[in-house]
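As structure tokens, the structure follows; a few thoughts come after it.
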Amino acid sequence: MSIQAYQRTAQLGETPRSAEYRAFAQITRDLIWARDNGPIPDFAAWMNALVKNRELWEILAVDCAGEGNALPAPVRAQIVSLALFVDRHTSAVCVDNAPIDPLIDINKTMMEALAPSAPATAR
């Protein structure tokens with residue numbers, strides 16, 4: 001998440017982890033809508049769901065690539081790898097009409113790891 005997002009989060013009393021969970025939940029909800037409705041009748045909403053998901057994963061990848069990230073190196077590498085997959089698969093959804101379900105499944109897995117009952121290191 002960006003520094004500004006973390007600052008807004010701190011003002012709301014929300015932890016970075018819960019902010020990430022909330023971002024995944026909102027974007028995953030939009031991806032489910034996109035899957036269920038397709039690019040028609042609302043192409044802009046369909047594309048926006050895909051773009052926002054790609055942006056979220058890009059933010060995570062950049063954060064995980066930074067030296068200040070406290071996650072273990074193997075976990076950071078896995079997140080970067082997932083972000084690269086999300087980027088490639090999003091293009092396949094847009095260009096080749098690939099299914100959105102893999103993007104939804106990855107996000108749901110991340111939400112499980114970020115859920116309040118999950119251990120902090122499971123991020």
Side-chain angles (χ1 to χ4, degrees):
M1 313 264 343
S2 71
I3 296 293
Q4 293 169 343
Y6 277 120
Q7 289 170 341
R8 285 192 304 273
T9 296
Q11 292 171 353
L12 298 172
E14 186 176 41
T15 67
R17 184 182 178 114
S18 63
E20 289 172 353
Y21 180 91
R22 185 175 42 80
F24 270 108
Q26 291 171 346
I27 290 170
T28 303
R29 181 195 65 227
D30 292 346
L31 287 173
I32 291 168
W33 177 91
R35 177 199 62 201
D36 294 345
N37 293 285
I40 298 177
D42 192 345
F43 180 78
W46 181 82
M47 184 59 78
N48 190 50
L50 293 166
V51 167
K52 283 186 182 274
N53 189 59
R54 182 182 260 164
E55 288 173 349
L56 175 61
W57 279 97
E58 182 178 317
I59 289 167
L60 291 173
V62 168
D63 184 57
C64 285
E67 292 181 23
N69 191 296
L71 289 174
V75 174
R76 292 188 347 241
Q78 289 172 342
I79 292 172
V80 170
S81 179
L82 285 171
L84 294 170
F85 171 82
V86 166
D87 184 58
R88 285 189 309 270
H89 193 75
T90 300
S91 294
V93 170
C94 295
V95 175
D96 300 326
N97 200 29
I100 293 175
D101 290 309
L103 301 174
I104 294 169
D105 293 342
I106 290 169
N107 284 10
K108 285 182 176 181
T109 299
M110 288 296 288
M111 289 171 62
E112 288 173 10
L114 291 167
S117 61
T121 58
R123 287 181 67 204

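We number each residue from 1, following the sequence as shown.
Under a 3.5 Å cut-off, the side chain of D96 and the backbone N or O of A98 do not form any donor-acceptor pair. Remark: side-chain polar atoms of T90 are paired, donor with acceptor, to backbone N or O of V86 under 3.5 angstrom. Within the 3.5 Å criterion, the main-chain N or O of P99 finds a donor-acceptor partner in the side chain of H89.
One hydrophobic cluster, built from ILVMFWY side chains closer than 4.5 Å, cannot hold both L84 and L103; they sit in different ones. Using a 4.5 Å cut-off between side-chain heavy atoms of Ile, Leu, Val, Met, Phe, Trp and Tyr, with links allowed through other members, I79 and V62 fall into different hydrophobic clusters.
Once rounded to the nearest 0.5 Å, the distance linking CG of N53 with CG of N48 reads 11.0 Å. Rounding to the nearest 0.5 Å gives a distance of 10.5 Å between CD1 of I100 and CD1 of I32. Summarising the geometry, atom CD1 belonging to I27 is positioned 12.5 Å from atom CD1 belonging to I104; distances are rounded to the nearest 0.5 Å. R29 CZ to W33 CH2: the interatomic distance, rounded to the nearest 0.5 Å, is 12.0 Å. A distance of 10.0 Å separates CG in D101 from CG in L31, rounded to the nearest 0.5 Å. Once rounded to the nearest 0.5 Å, the distance linking CZ of R22 with CD of Q26 reads 5.5 Å.
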Exercise for review: List the steps and the verdict of side-chain contact (heavy atoms from CB on, under 4.5 Å) for M110 and W57.
Suggested key: CA-CA 11 Å; M110 288 296 288; W57 279 97; 3.5 Å; yes
Check your understanding: Going through the checks in order, is the side-chain contact (heavy atoms from CB on, under 4.5 Å) test met by F43 and W46?
Key -> CA-CA 5 Å; F43 180 78; W46 181 82; 3.7 Å; yes
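No more than 12 heavy atoms of other residues, nucleotides or ligands sit less than 6.0 Å from atom CD of E58. In the displayed structure, N97 atom CG is contacted under 6.0 Å by at most 12 heavy atoms of other residues, nucleotides or ligands.
A pairwise comparison of heavy atoms in A115 and R17 identifies O-NH2, 3.8 Å as the closest pair. Here the closest heavy-atom approach between residue C64 and residue V80 is recorded as CB-CG2, 3.9 Å.
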